[in-house]
Amino acid sequence: MASIGKIARRTFLLGAAAVAGGVAVGYWYVSRPYENPLEGEVAKGEATFNPYVKIASDDTITVIAPRAEMGQGVATTLAAFVAEELDVTLDRIKVEHGPASYAYYNAEMLAESGPFNFFDDSFLAEMTRSALGTVGKVLGLQGTGGSTSARDGFEKMRQAGAATRAVLMQAAAARLSLPVAELATENGRIVHARSGRSVSYGEVALDAASIAPPKSVTLRDKKDWKLLGKTQQRVDMHDKVTGAPIFGIDVRLPDMLYATVLISPVFGAKPVKADTSKAEKMSGVIKIVPLETVYGSGFGVIAKNTWAAFKGAEALDVEWGKPVNPADTDGLMQVIADAATKGEGDVMRNDGDVETAFADAPQAQLIEAEYRVPYLSHAPMEPMNCTAQLKDGHLTVWAPNQMPTLIRWLCADLAGVPLEQTTVHTTYMGGAFGRRGEIDYALYATLIAKEADGHPVKVTWTREEDMQHDCYRSAFIARMRARLGDDGLPQALDLRVAGQSMMASLVGRIFPGRSAPGPDNTTTDGSHNQPYTIPNYRVTGIKAPLTLPVSFWRSVGNSQNGFFHESAMDEIAHAGKTDPIELRRKLMREFPAAVAVVDKVAAMSNWGEKLPEGKAKGFAFVLSFGSWCAQVVQIAQTPGGIKLEKMWIAVDVGTALDPGIIEQQMVSGAIFGLSAAMNQKITFADGRVEQSNFHDFDAMRIFQAPQFEVAILENYHRMGGVGEVGTPPAAPALANAVFALTGKRVRSLPLSDEVVFA
Amino acid sequence: MRLNVNGNSLEIDADPDMPLLWALRDIAGIMGPKFGCGIAACGACTVHIDGVPVRSCSLPVGAVEGEITTIEGLSKGGELHPVQQAWLEEQVAQCGYCQAGQIMTAVALLDEIAEPTDEDIDNAMGGNLCRCGTYPRIRAAVKRAAALKTAEL
Amino acid sequence: MNWRGRLLTATAMLMLTAPSFAQDNAPSQQEGLAAWQQVYAVFSHPRCANCHVADERPRWVGAAGSAERIHAFNVQRGVDGSGFGNAGLRCTSCHFESNSKHLNGPPGAPSWHLAPAEMVWHKISSAGICAQIKDPERNGGRTLQEIAEHVREDPLVGWGWKPGPGREPAPGSAEGTYEELERWAAAGAPCPQE
């Protein structure tokens with residue numbers, strides 16, 4: 001993997017230079033950072049105008065939505081950006097994912113990774129965001145994550161639509177011998193109202209493609225939007241209700257072989273002894289291939305069909321090496337607990353003087369608590385899979401993935417072919433939740449393809465392999481202490497959050513041998529950057545010295561910190577005899593957007609009403625990915641256990657691009673968070689994950705799902721994300737409701753370790 | 001062996017122990033039923049045999065007797081089945097991976113109970129896991145499908 | 001695949017009645033109680049009791065010694081009381097004629113269903129099950145001979161001794177349990193105190 005090191009050095013150098021230079025992100029085709037990747041692939045009679053638009057003479061309009069569609073509706077919203085300015089309705093366009101290309105860099109993904117709170121609008125914060133966005137451009141990192149896709153595409157894709165419309169109008173003016181100023185567009189046609197003459201976009205597309213794009217364009221005012229701001233029919237819905245073969249696992253190619261993998265269940269261990277002879281003799285098995293990557297070591301089984309590959313993998317007799325981390329959950333949690341108690345950490349927020357505030361605190365005004373969350377698997381419905389073919393010096397990869405340019409780099413390197421001879425197709429994804437930001441499935445498929453004599457090979461993991469070889473959400477332990485004032489409000493809050501560093505784990509996998517120095521925002525995201533004002537307020541992140549693979553899990557650091565911070569707030573409210581919502585109103589008074597969602601959800605849920613015996617409500621608020629989200633959940637004690645009756649969500653997204661999709665995502669995010677809070681944990685024994693499938697790592701089912709009511713607000717002046725925002729408040733809202741119902745403060749997830757759910 | 005799938009008789013060359021799911025997907029090229037767990041715990045592979053929903057990932061192909069219907073066999077003559085139409089109108093799917101299974105279960109439910117309550121829906125569909133959390137819209141879509149089916153009669 | 005047909009068969013079985021049998025040289029009461037103890041060990045074993053429940057929900061016990069829990073997925077007896085599940089989610093949607101060979105896959109036997117609600121073995125004492133077995137109102141109207149034959153011959157009952165990978169079988173065998181039932185009946189079908 002020598003050249004990966006080179007890539008790493010090169011990119012880090014470029015990144016550093018770009019930050020130092022403070023280059024501004026430009027309008028893409030003014031600065032033209034990258035070639036238009038569509039230029040090489042237009043068909044006869046088809047024209048491309050920029051990386052986002054192709055128009056054919058037969059009026060087929062193709063829009064490229066270059067972010068991974070994993071269910072969050074991004075293909076629809078991104079297509080609507082272009083369509084809005086191109087002045088066509090969504091049913092007139094074909095949406096494609098497009099190739100893996102630097103032209104589709106995600107600037108926003110890095111912009112929000114700087115050390116500034118989302119609500120910090122200072123010059124320094126803005127400059128750093130812009131500079132980090134530029135790094136995104138320079139790296140050409142085409143990624144989907146961090147709830148950034150719509151924010152990233154909002155300007156550049158609308159500009160692409162507007163610029164295309166401008167040249168189409170110019171071409172039409174020439175064709176009709178009329179001044180441009182007298183022409184208008186009408187859903188795919190350019191019309192001259194006075195004479196009634198018109199041409200379609202397709203008729204002038206080839207002419208228009210040779211016209212230089214305008215230096216600047218004027219975008220439609222929000223009040224003039226025809227598509228944006230309104231619920232659209234999702235562009236992927238018809239395929240998804242008819243069972244169309246759109247997922248990675250549905251790839252089917254001529255002469256295709258099938259395969260699966262058996263990777264060491266002991267993280268970091270290699271095979272010590274292996275007998276492959278029985279597997280090799282199994283009916284339908286073609287070849288056993290040893291695999292070794294930065295993710296893990298093991299075997300690939302190539303066969304005539306997937307089931308034969310599964311049976312072959314079962315027949316492999318392998319003895320694996322010893323674990324390098326503590327072998328069981330207790331041992332792992334002890335390391336994290338030690339880090340929480342005495343580990344040196346990074347102070348991520350430090351208002352006032354916490355030490356002094358606690359030095360003279362009377363015992364009666366002190367609250368102390370420890371919170372715990374377990375390791376978690378992503379468990380998307382579609383198990384990891386990837387199809388690869390290495391033929392005539394060209395590597396082609398079909399992967400349901402969130403990081404196509406990264407896959408292109410690293411798989412090209414692994415296959416020993418130049419980048420130009422490597423094509424990555426991104427398919428639809430049967431869920432991802434961060435899992436498909438990893439690239440292990442593509443590395444294994446590439447190694448297997450090298451041994452397949454030019455055949456394409458579809459590599460499908462079993463569910464067991466998927467669940468036991470995830471890059472997990474780390475377990476975390478938080479130590480909280482608070483000092484209350486005489487008014488019941490917190491005078492001081494000190495949170496120490498310890499767990500594995502996700503960034504360290506990630507950098508170690510993608511750039512072996514490198515470390516990620518400095519603080520890791522993701523450890524304390526959701527605790528250090530919340531819109532509360534407390535005079536003495538400190539949040540410290542501590543990296544636990546463990547090396548299990550950990551990674552992004554829907555809402556990342558907010559997934560654990562939402563629970564820590566908002567459980568703490570509820571405890572403070574009760575200890576200080578303040579209503580939990582009233583406490584938020586007081587502590588968040590400097591942030592009107594936050595108070596507005598709190599007020600809204602309180603009104604929707606009729607907070608404060610007297611509930612019948614056996615029912616209770618819980619509240620939580622988390623600002624994440626630029627959106628302000630407050631949730632109330634109502635639960636009831638039933639003979640079969642606690643039942644979730646209803647959840648109310650109020651969210652401020654700044655600008656609501658598609659209310660239907662936003663509502664979907666809020667519910668989706670909340671159910672994802674509730675699923676984990678109720679039941680999920682990944683535990684270890686003998687260095688291996690104990691859970692293996694949905695019978696012991698289940699998620700919420702329809703009969704457990706509460707009713708939902710969602711309100712979307714647009715008070716804040718910057719646009720927020722949508723895909724992950726519903727997740728962080730869900731666990732604390734439920735835990736706080738359980739406290740209100742039972743008087744039992746459950747400080748460790750999953751809640752089902754302490755209470756029974758129906 | 002011969003399988004009757006969506007009204008077509010198919011000759012399948014497969015080990016009788018192979019689960020029906022893989023015979024459909026890898027051999028017959030019928031990709032609607034999805035692989036999710038392999039142990040009948042998620043419902044993504046649901047197909048009908050003589051109208052009864054079954055988890056094709058756990059049923060040996062050699063044990064199949066009867067007419068198999070997959071999601072591909074629901075729509076007739078280009079017309080969506082009322083359940084599919086309702087799914088479209090309620091905009092149910094997110095990632096969409098589980099939805100073929102959800103739809104097949106909903107079709108079977110509605111064949112037995114023409115106007116299901118929330119409780120009937122919850123009783124029928126607990127075996128179909130959705131990680132995107134589309135459940136509230138599934139409930140709405142099943143009821144809309146019931147109305148569409150009634151209107152068709 | 002037709003659960004309705006099976007339901008009819010099961011119901012028909014419930015209607016069957018036949019005279020009980022008697023034997024010469026009967027074993028002693030003590031021998032009878034010892035035989036019952038073997039039978040109880042089978043009937044109260046999770047492979048049997050998990051589907052002989054008082055409420056609407058079958059139980060799961062995973063690997064030997066793991067905690068019992070309610071069957072996932074909202075699986076229930078069925079609003080029609082049939083024991084074959086609910087519309088859209090029949091037992092036979094997942095439980096086929098034979099065991100899945102996959103670890104944690106669904107076990108299978110012909111006509112998979114819950115025992116009728118009056119035949120409760122789950123969390124019932126030895127005396128309680130014993131009284132039930134002798135009560136035609138709660139044993140499907142069977143004679144003791146018929147019960148013994150049912151245990152020996154019914155494929156779903158027989159599944160308890162070959163439950164597939166990862167599950168602990170019920171103790172003994174179908175034939176052995178048949179013989180214990182005969183011995184117990186011959187001893188006058190004595191029931192223990194508790």
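Reckoned from all heavy atoms, side chains included, excluding hydrogens, waters and symmetry mates. Numbers restart at 1 for each chain; the letters A, B, ... are given by sequence-line order, proteins then strands.
Looking only at distances, no side-chain donor or acceptor of B:K34 sits under 3.5 Å from a matching main-chain atom of A:E382. Remark: side-chain polar atoms of A:S668 are paired, donor with acceptor, to backbone N or O of B:C132 under 3.5 angstrom. Between the B:Y135 side chain and the A:Q707 main chain, no donor and acceptor come within less than 3.5 Å of each other. In this structure, A:R701 contributes its side chain and B:C130 its backbone to no donor-acceptor pair below 3.5 Å. Checking side-chain atoms of B:R131 against main-chain N and O of A:M381 turns up no donor-acceptor pair under 3.5 Å. Remark: side-chain polar atoms of B:Q84 are paired, donor with acceptor, to backbone N or O of A:V241 under 3.5 angstrom.
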- prompt: When you look at B:I121 and A:F703, which way does the side chain to side chain contact (heavy atoms under 4.5 Å, CB included) test go after all the steps?
  reply: CA-CA 8 Å; B:I121 296 168; A:F703 64 94; over 6 Å; no
field: Verdict with supporting geometry, B:L80 and A:H238, side chain to side chain contact (heavy atoms under 4.5 Å, CB included)
entry: CA-CA 10 Å; B:L80 291 180; A:H238 191 274; 4.0 Å; yes
- request: Report the C-alpha distance between B:C95 and A:F433 in whole Å, list the side-chain angles of each, state the deciding distance to 0.1 Å, and finish with yes or no for side chain to side chain contact (heavy atoms under 4.5 Å, CB included).
  value: CA-CA 11 Å; B:C95 90; A:F433 316 118; over 6 Å; no
message: Walk me through whether A:I702 and B:N128 qualify under side chain to side chain contact (heavy atoms under 4.5 Å, CB included).
response: CA-CA 8 Å; A:I702 193 168; B:N128 291 88; over 6 Å; no
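Looking at A:Y428, there are no atoms closer than 4.5 Å to chain B (heavy atoms on both sides), in backbone or side chain. No part of B:V83 comes within reach of chain A, as not one of its non-hydrogen atoms sits under 4.5 angstrom from that chain. Using a 4.5 Å cut-off between heavy atoms, A:Q232 touches chain B through its backbone atoms (N, CA, C, O) alone. For chain B, no part of A:N385 is nearby; none of its heavy atoms comes within less than 4.5 Å. Contact annotation for B:R25: both backbone and side-chain heavy atoms come within less than 4.5 Å of a heavy atom of chain A. When heavy atoms are compared at a cutoff of 4.5 Å, A:T460 approaches chain B solely by way of its side chain, counted from C-beta outward. In this structure, the portion of B:I103 lying under 4.5 Å from any heavy atom of chain A is its side chain and not its backbone. Both the backbone and the side chain of B:D17 come within less than 4.5 Å of a heavy atom of chain A. Heavy atoms of B:L21 lying under 4.5 Å from chain A are absent altogether. With a 4.5 angstrom heavy-atom cutoff, A:M237 touches chain B via backbone and side-chain atoms both. Heavy-atom distances place both the backbone and the side chain of A:T306 under 4.5 Å from chain B. With a threshold of 4.5 angstrom between heavy atoms, A:D239 does not approach chain B through any atom at all. Heavy atoms of A:A379 lying under 4.5 Å from chain B belong to its backbone as well as its side chain.
Highest contact tally toward chain A, considering only B:P33, B:G32, B:A93, is held by B:A93 [criterion: heavy-atom pairs under 4.5 Å]. Interface summary for chain B: among A:K311, A:M429, A:Q72, the most heavy-atom pairs under 4.5 angstrom belong to A:M429. Chosen from A:T231, A:I671, A:I246, the residue pairing most often with chain B at heavy-atom distances under 4.5 Å is A:I671. Heavy-atom pairs under 4.5 Å with chain A peak, among B:G126, B:P136, B:A100, at B:G126. For the set B:L74, B:D26, B:I27, the entry with the most heavy-atom pairs within less than 4.5 Å of chain A is B:D26. If you tally non-hydrogen atom pairs under 4.5 Å between each of A:P706, A:G430, A:G284 and chain B, the highest count goes to A:G430. Chain B forms the most heavy-atom pairs under 4.5 Å with one residue out of A:M70, A:Q665, A:R252, A:K458, and that residue is A:R252.
Taking 4.5 Å as the limit, every side-chain heavy atom of B:C57 sits out of range of all side-chain heavy atoms of A:W307. A 4.5 Å side-chain heavy-atom check between B:Q94 and A:R234 finds at least one atom pair inside the cut-off.
Around the CD atom of B:E79, the shell of radius 6.0 Å holds no more than 12 heavy atoms that belong to other residues, nucleotides or ligands.
Atom CH2 of residue B:W87 and atom OG1 of residue A:T242 lie 14.0 Å apart, to the nearest 0.5 angstrom. If you take NZ on A:K304 and CG on B:D13, they are separated by 9.0 Å, rounding to the nearest 0.5 Å.
In summary, the side chains of A:Q233 and B:Q91 do present a donor paired with an acceptor at a separation below 3.5 Å, with no hydrogens or angles considered.
Between A:F310 and B:F35, the angle of the ring planes lies from 30° to 60°, which puts this pair in the tilted group.
The minimum heavy-atom distance between B:M31 and A:D250, with the atom names listed, is CE-O, 3.5 Å. Contact record, B:V92 with A:Q664: O-NE2, 3.7 Å, taken as the closest heavy-atom pair. A:F694 and B:G36 get closest at one heavy-atom pair: CE1-O, 3.9 Å.
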